[in-house]
Amino acid sequence: MRERTTTIRSVLARVLVLGAALAVAAYLLPLLIAARMWMWLFIVVVATAALFILYSTRRFVPAKYFFPGTFFLAVFLIVPIIMTVQTAFTNFGDGFRGTKEEAVTTITNNSVVQAADSSLYNLSVATTGSVEDGPFSLFLVDTDTEEVLYGADGDTVKAATDVDTTVTDGFVTAADGYTILTGKEVNAAYDKISNLTLSVSETTAIKVQGVRSAFEGTKTMVYDEDADAITNTQTGDVYTVQKVGNSEYYVNANGDRLAQSWKQNVGLANFERLFGNQSLLKQLGGAFGWTLLFAAGSMLLTFGLGYFLALTLNDDRIRGKKLYRSFLLLPYAVPGFISLLIWSNFYNRDFGLINETLHLHINWLGDPTWAKIAVLLTNTWMGFPYMFIVCTGALQSIPDDLKEAARIDGASGWQTTTRVITPLLLVSVAPLLVSTFAFNFNNFNAIRLLTEGGPFAPGEYTRGGTDILISMVYRIAFGGSGADYGFASAVSVVLFVITGVLAAAQFTATRRLEDIH
């Protein structure tokens with residue numbers, strides 16, 4: 001009877017889990033198809049099929065345990081790597097987002113001008129997300145017919161027959177599934193809301209005008225699908241698709257191009273930009289040298305201090321070890337970004353805690369050498385508790401018999417530590433040292449929040465005195481006129497390869513420790 005009850009519960013649990021998986025897949029598939037996200041569509045289909053094949057039968061027992069880890073590894077590690085590599089071969093960034101069709105819609109909708117007889121609408125701005133960042137939708141009430149219309153930016157306006165709305169004094173004040181923004185909230189996000197438009201036809205669109213109103217105007221830029229050209233009806237200029245640099249734009253006969261373009265494959269252009277610019281390559285070389293020093297120095301200093309404290313507090317003659325260990329873990333308990341911001345104030349030349357306490361006059365963050373020292377000191381303070389925990393656990397796993405045998409053989413305390421304990425400990429912690437090096441090789445927060453990459457030499461804006469590769473690349477890709485995700489992805493791929501090669505070399509070197517018995 002008990003076995004039958006257990007079997008029934010197992011079957012019910014299996015049905016519920018598989019039913020939930022099927023429901024999620026059924027919900028996601030239409031959305032992914034509409035968004036043309038083919039890779040994610042493939043993942044959802046394969047994962048759902050695998051769930052049913054593996055968990056609807058009592059066979060494939062090993063695969064049942066193997067599948068969850070493999071699935072999450074693919075979704076959270078392999079897929080982002082693939083997407084980054086794909087982006088590295090595109091021009092994706094500000095001005096190059098979305099498809100060509102979306103770019104045409106943006107160009108034409110942004111050219112709307114108001115005429116004397118333009119229809120006017122009472123405007124309410126709504127969102128399904130954040131009131132600061134959107135996404136935003138427009139709810140409109142025709143001042144003549146009182147018809148309620150709505151749509152998201154760039155969409156074709158439609159009657160709000162499928163959305164329950166409440167109209168008060170000529171304005172939509174509530175809509176099912178949406179949050180209606182107040183006038184104050186609209187005004188705070190007006191730089192984003194003011195450019196919202198809704199298409200009405202090929203020649204007209206509705207555009208936001210102020211916080212509470214909108215108008216239906218005429219598009220001065222009209223798209224001819226057959227000729228794949230955009231005509232400015234006011235000037236008569238015709239813009240056709242032409243290649244400028246590595247990307248295509250709409251360009252007129254005088255060579256003037258429209259700012260809006262679209263996402264395109266550009267081949268190796270981003271890598272050519274990275275390796276073809278000698279000045280940039282020289283700056284990257286300098287940043288690479290400091291990155292190696294920063295990663296290796298952080299690893300050695302955190303390990304050295306953590307190991308020293310672990311050895312000290314592993315001595316049975318010390319009283320209150322638990323209390324001391326608790327205090328040493330405090331830097332590890334404080335969020336890293338808070339620690340970095342606090343330490344940046346400590347290094348203030350005129351009012352910083354360090355200079356005032358020690359009566360120094362060091363320009364910590366204004367001198368390149370002292371700034372590097374400050375970064376290493378701060379990173380050591382933040383990282384040593386982790387090494388302290390690891391080394392404490394490793395020391396406690398070393399048998400006392402080995403230490404006693406070394407003492408019987410006449411070894412001093414120093415010799416026992418350096419020739420017996422340390423080699424055995426390194427067998428356990430060597431992989432963690434490699435991962436610590438790899439982490440610090442791309443430790444963006446430590447640089448960005450403490451020094452912002454500075455100090456900068458006069459007239460130099462590309463690389464600061466403490467910039468590691470990732471912080472310098474961030475400034476190049478996102479610190480200019482707009483975001484350049486394609487170039488940033490290309491550099492990320494290069495950094496991934498460099499980090500992988502260095503980690504592989506380190507793992508090869510640490511294999512020698514496995515011969516220690």
Begin with the C-alpha distance, continue with both residues' side-chain angles, and end with the deciding distance and a verdict on side chain to side chain donor-acceptor pair (under 3.5 Å) for S492 and T84.
CA-CA 8 Å; S492 297; T84 301; over 6 Å; no
Pair Y485 and F478, ring centroids less than 6.0 Å apart:
yes
Beyond-backbone contact of L292 with F437, side-chain heavy atoms, under 4.5 angstrom:
yes
Side-chain donor-acceptor contact under 3.5 Å, Y249 with D256:
no
Return yes if a side-chain donor-acceptor contact under 3.5 Å exists between Y121 and E216, otherwise no.
yes
Can you run down the side-chain hydrogen bond (donor to acceptor under 3.5 Å, both in side chains) pairs that involve residues 34-54, sequence neighbours left out, and say none if there aren't any?
none
Both conditions, 6.0 Å and 45 degrees, for the charged tip of R448 above the ring of Y474: are they met here?
no
Has N91 got a side-chain atom pairing as donor or acceptor with Q264's backbone, closer than 3.5 angstrom?
yes
Do Y347 and T378 have a side chain donor and acceptor closer than 3.5 Å?
yes
Could you report the tightest heavy-atom contact between D237 and Y239, atom names first, then the distance?
CB-CE1, 3.8 Å
Of V238, T240, V241, which meets side chain to side chain contact (heavy atoms under 4.5 Å, CB included) against Y250?
V241
T105/N109 under side chain to side chain donor-acceptor pair (under 3.5 Å): CA gap, chis, key distance, verdict
CA-CA 6 Å; T105 300; N109 283 354; 5.7 Å; no
